[in-house]
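Residues: numbered from 1 along the sequence shown.
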Amino acid sequence: MLRVLLSAQASAARLSGLLLLPPIQTCCLGPSKWGDGPSRGGPHAGPVQGLQRLLEQAKSPGELLRWLGQNPTKVRTHHYPVALRRLGQLLGSRPQPPPVEQATLQDLSQLIIRNCPSFDIHTIHVCLHLAALLGFPSDGPLVCALERERRFRLPPKPPPPLQPVLRGGQRLEAALSCPRFLRHPQQHLIRSLAEARPEELTPHVMVLLAQHLARHRLREPQLLEAIAHFLVVQEAQLSSKVVQKLVLPFGRLNYLPLEQQFMPCLERILAREAGVAPLATVNILMSLCQLRCLPFRALHFVFSPGFISHISGTPHALIVRRYLSLLDTAVELELPGYRGPRLPRRQQVPIFPQPLITDRARCKYSHKDIVAEGLRQLLGEEKYRQDLTVPPGYCTDFLLCVSSSGAVLPVRTQDPFLPYPPRSRPQGQAASQPTTQDPAQRVVLVLRERWHFCRDGRVLLGSRALRERHLGLMGYQLLPLPFEELESQRGLPQLKSYLRQKLQALGLRWGPEGG
């Protein structure tokens, strides 16, 4: 077989690859593991390089073998790839190469096989490559010997670590602590939770679960109910700093649990811990504000002069004042029956003076730029405002001023802000029906991007629902633009048509006929 492969009938295409290989340099192959590589300028540099020149200039395979066999003290590991390459050139340089004696090839193979234990890994790779180009069979002695040496030089694989047997709570903690768990289905969480014994569900495990649900917008009722039940059962052992983390997903995911003792339990914890951890107290109230479940007793405490004075000198004073300003807005708009203290006007700060962090982080995925261009071409730049922050500090996506007849007015000719607090309502009018003596309406186009919703895409996140609810209570007319509708528009012309239909459905007019 070897004689047939390397005879005159050898593939010219295969051998031509050898002609394209660059000359093998002694310096690039490097010394062998026995340290017998040539060193420039050393005492043996001349004879070693001289042998390489003889191999490169050999006129026949027999001459190649003769140079290798007659100079055993001068042969180095890098000479064998040189010989293989020259052999390929000799076989491929002639239209009709003469037959090669099988004994000659076997002798050359045996020389390489006998010396390959001293080859370095680079020399072995080069010889394997040349042997394949020369057509040596993959199951032949030469290739097998080289492959065996290659595998011998590979670093040993470490044994796989023993996987400890994890119980329900431990498995849940391990899963939640693994970064690759982000895309695992919720059913894995539910199964781990169901298999855990009560004593295995520690506060640390439940906090990890709550943070996972909040971070990834997973509105999974069974898991949220498990957190609520844990909070009620472990009430006496939980500090407000732990409770704030357990309550976070309920407000963020806009989910009020069915657990009947959930709110009474939180009210007792707030009454017990309010003076110990001010920031944790306000964080808990923020989550309850998103759920429209603010307890009056806790509001009395955080709006008291003593609490406000206490937090003024703390490192987190600004964030607490911002949260208190939001709570004060909720009291103004949603709790007409509250008669307790309020946040003094001098302590109030804008709630959200700029777009939220999630919107800024995902701006390249947002539809805001293309909607702005559509409005510019449809209405003109002077008839809308983008990213305008209205009192008490809510950032609007797009705001229009509209006359009582429905004409879209230039924003520069109008005060874009509605008064806050809203003007007093007539006796008996609901809080959800604010009044204004300004004949111009303010229409807010609200982008509802995909990340504004829980993972199921149907329920707005608590912060988004709160923002829209408060803007509506202040008198702004909201025009939602859902992500499903925006994503279905193919190009700017379709988007302009979509915006035209949306605005006209509200009875708005613009252009020459609209004034």
Using the side chain to side chain contact (heavy atoms under 4.5 Å, CB included) rule, take S239 and V242 through it: C-alpha gap first, then chi angles, then the decisive distance, then the call. CA-CA 5 Å; S239 68; V242 174; 3.7 Å; yes
Does atom CD (Q494) have a neighbourhood of more than 12 heavy atoms from anything else shown, all under 6.0 Å? yes
Euclidean distance, I124 CD1 relative to R153 CZ, rounded to 0.5 Å: 3.5 Å
Evaluate E485 against Y498 for side chain to side chain contact (heavy atoms under 4.5 Å, CB included), listing each step before the verdict. CA-CA 9 Å; E485 297 178 2; Y498 165 78; 2.5 Å; yes
Can any side-chain N or O of R448 pair as donor or acceptor with the backbone N or O of F483 at less than 3.5 Å? no
Quick one: does R86's side chain have a donor or acceptor within less than 3.5 Å of a partner on E56's backbone? yes
Evaluate side chain to side chain contact (heavy atoms under 4.5 Å, CB included) for V247 paired with L266, printing each intermediate quantity in order. CA-CA 9 Å; V247 175; L266 286 178; 3.7 Å; yes
Check this for me: does any side-chain nitrogen of one of D397 and R385 sit under 4.0 Å from a carboxylate oxygen of the other? no
Is there side-chain contact between K245 and Q211, with heavy atoms separated by less than 4.5 Å? yes
Just to verify, what does H316 make a side-chain contact (heavy atoms from CB on, under 4.5 Å) with, not counting sequence neighbours? L279, T314, I319, V320
Could you label the plane-to-plane angle of the Y394 and H470 rings as parallel, tilted or perpendicular, counting under 30° as parallel and over 60° as perpendicular? perpendicular
Have a look at E449 and tell me which of K368, H367, R464 forms a side-chain hydrogen bond (donor to acceptor under 3.5 Å, both in side chains) with it. H367
Exercise: identify the closest heavy-atom pair between V371 and L486: CG2-CD2, 4.1 Å
Please work out which of the three classes, parallel, tilted or perpendicular, describes the rings of F119 and Y80, given edges at 30° and 60°. tilted
Take E373 and Q377, measure what side chain to side chain donor-acceptor pair (under 3.5 Å) needs, and give me the verdict at the end. CA-CA 6 Å; E373 180 61 23; Q377 295 187 18; 2.8 Å; yes
Heavy-atom nearest pair, C127 first then P81, reads SG-CG, 3.7 Å
How far apart are the C-alpha atoms of E487 and R450, what are their side-chain angles, what is the distance that settles it, and do they pass the salt bridge (Lys or Arg N to Asp or Glu O under 4.0 Å) test? CA-CA 10 Å; E487 288 176 355; R450 186 179 294 273; 2.7 Å; yes
Return yes when atom OH of Y323 has more than 12 non-hydrogen atoms of other residues, nucleotides or ligands closer than 6.0 Å, and no otherwise. no
Can a donor-acceptor pair be found, under 3.5 Å and without considering hydrogens, that links the side chain of T396 to the backbone of L388? yes
Straight-line distance of L285 CG to L327 CG, nearest 0.5 Å: 5.5 Å
Looking only at heavy atoms, what is the nearest atom pair of A228 and E259, with distance? CB-CB, 4.1 Å
Okay, side chain of E149, backbone of L146: is any donor-acceptor separation there less than 3.5 Å? no
Would you say that more than 12 heavy atoms from the other residues, nucleotides or ligands in this model lie under 6.0 Å from the NE2 of H229, or not? no
Check salt bridge (Lys or Arg N to Asp or Glu O under 4.0 Å) between E225 and all other residues, then give those that pass, not counting sequence neighbours. none
For T202 against F230, the heavy-atom pair lying closest together: C-CZ, 3.9 Å
Rounded distance [0.5 Å steps], CZ in R252 versus CE in M286: 12.5 Å
Heavy-atom nearest pair, N115 first then L111, reads ND2-O, 2.7 Å
Quick check for you: to the nearest 0.5 Å, what is the distance between L379 atom CG and L503 atom CG? 6.0 Å
Donor-acceptor pair, side chain of E273 and main chain of I269, under 3.5 angstrom: no
Counting neighbours of CD on E484 that are heavy atoms of other residues, nucleotides or ligands and sit closer than 6.0 Å, is the number greater than 12? yes
Rounded to the nearest 0.5 Å, the CG atom of L231 sits from the SG atom of C265 at a distance of 4.5 Å
Rounded at 0.5 Å granularity, tell me how far NZ in K502 sits from CG in L378. 14.5 Å
When you measure from the side chain of R217 to the backbone N and O of H452, does any donor-acceptor pair fall under 3.5 Å? no
Please check this pair: side chain of T123 against backbone of H78, looking for a donor-acceptor N/O pair closer than 3.5 Å. no
Minimum heavy-atom distance L218-L253, with the two atoms named: O-CD1, 3.2 Å
Distance flag, aromatic centroids of H212 and H216, threshold under 6.0 Å: yes
